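Quantities reported herein were computed from a predicted structural model and do not represent experimental measurements. Excluded from the calculations below are hydrogen atoms, water molecules and symmetry mates; all remaining heavy atoms, backbone and side chain alike, are included.
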Amino acid sequence: QVQLVESGGGLVQPGGSLRLACIASGRASSNYAMGWFRQAPGKEREFVAAISWNGGNTVYTDSVKGRFTISRDNAKNAVYLQMSSLKSEDTAVYYCAESQGIVATSIRSRYQFWGQGTQVTVSS
């Protein structure tokens with residue numbers, strides 16, 4: 001079984017930056033694609049970004065392209081989400097997830113393990 005623990009959330013002003021981290025334990029996640037999703041109050045959980053098993057391919061939802069960057073460090077069993085130029089609409093709980101395969105994907109059903117989430121609030 002894989003445990004995923006997110007960290008790095010918090011309160012930030014519009015235009016600010018945050019870096020989220022997700023650490024996997026239980027077994028190595030280096031053979032699997034990883035993703036970040038988010039869920040705002042009253043809304044469905046939505047895809048944010050994904051990265052392939054070796055970091056060679058990334059996928060982003062349109063609303064975060066050019067502002068967010070996903071990366072991974074397989075030696076540390078970690079995946080990161082660097083968020084810049086944050087907007088109020090980025091406010092949500094952010095979840096890290098491990099895919100069933102090696103290809104970066106936005107398809108939620110392809111993810112088999114999920115973290116508990118970290119709150120990101122963008123407000124002045």
Within a strict 4.5 Å, meaning less than it, do heavy atoms of the Tyr94 and Gln119 side chains meet? no
Residue pair Thr69 / Tyr80, side-chain heavy-atom distance below 4.5 Å: no
Residues at least two apart in sequence or cross-chain that pass ring pair (Phe, Tyr, Trp, His ring centres under 6.0 Å) with Trp114, listed by chain then number, are Phe37
Any donor and acceptor pair, going by atom type alone, linking the side chain of Arg45 with main-chain N or O of Arg108 inside 3.5 Å? no
CE on Met83 to CH2 on Trp36, rounded to 0.5 Å: 8.0 Å
Can you check whether Phe68 reaches Gln82 side chain to side chain, under 4.5 Å on heavy atoms? no
Looking only at heavy atoms, which two atoms of Arg38 and Ala92 are closest? And how far apart? CB-CB, 3.8 Å
Would you compute the distance between atom CG of Asp73 and atom OG of Ser71 and round it to the nearest 0.5 angstrom? 8.5 Å
Side-chain donor-acceptor contacts of residues 7-25 below 3.5 Å, not counting sequence neighbours, with atom names and distances?
unit_1, atom_1, unit_2, atom_2, d
Ser25, OG, Gln3, OE1, 3.4

Is any side-chain heavy atom of Cys96 closer than 4.5 Å to a side-chain heavy atom of Leu4? yes
Atom of Ala49, atom of Tyr60 and distance for their closest heavy-atom approach: CB-CD2, 3.6 Å
Which atom names give the shortest non-hydrogen contact between Thr91 and Val122, and what distance separates them? OG1-N, 2.9 Å
Test item: side-chain donor near acceptor, Glu46 and Gln39, under 3.5 Å: no
Testing the basics here: between Asn54 and Gly56, what is the closest heavy-atom pair and its distance to 0.1 Å? OD1-N, 2.9 Å
So, the side chain of Asp90 versus the backbone of Val64: is there a donor-acceptor pair under 3.5 Å, distance only? no
Side-chain touch Ile51/Val79, heavy atoms, less than 4.5 angstrom: yes
Flag the pair Ser30 / Trp53 as yes when at least one side-chain heavy-atom distance between them is below 4.5 Å, and no otherwise. no
If you measure from CG on Asn74 to CE on Met34, what distance do you get to the nearest 0.5 Å? 9.5 Å
Between Val48 and Leu81, does a side-chain contact (heavy atoms from CB on, under 4.5 Å) hold up when you go through it step by step? CA-CA 10 Å; Val48 176; Leu81 186 67; 4.2 Å; yes
Kindly compute the distance separating CG (Asn77) from CD (Glu98), expressed to the nearest 0.5 Å. 9.0 Å
Other residues, nucleotides and ligands only: do more than 12 of their heavy atoms fall within 6.0 Å of CD on Glu89? yes
Taking all non-hydrogen atoms of both residues into account, name the closest pair between Thr105 and Phe47 and its distance. O-CE1, 3.5 Å
Shortest non-hydrogen separation from Ala50 to Tyr111 and the atoms involved: CB-OH, 3.3 Å
Under 4.5 Å between any side-chain heavy atoms of Gln116 and Tyr95, yes or no? no
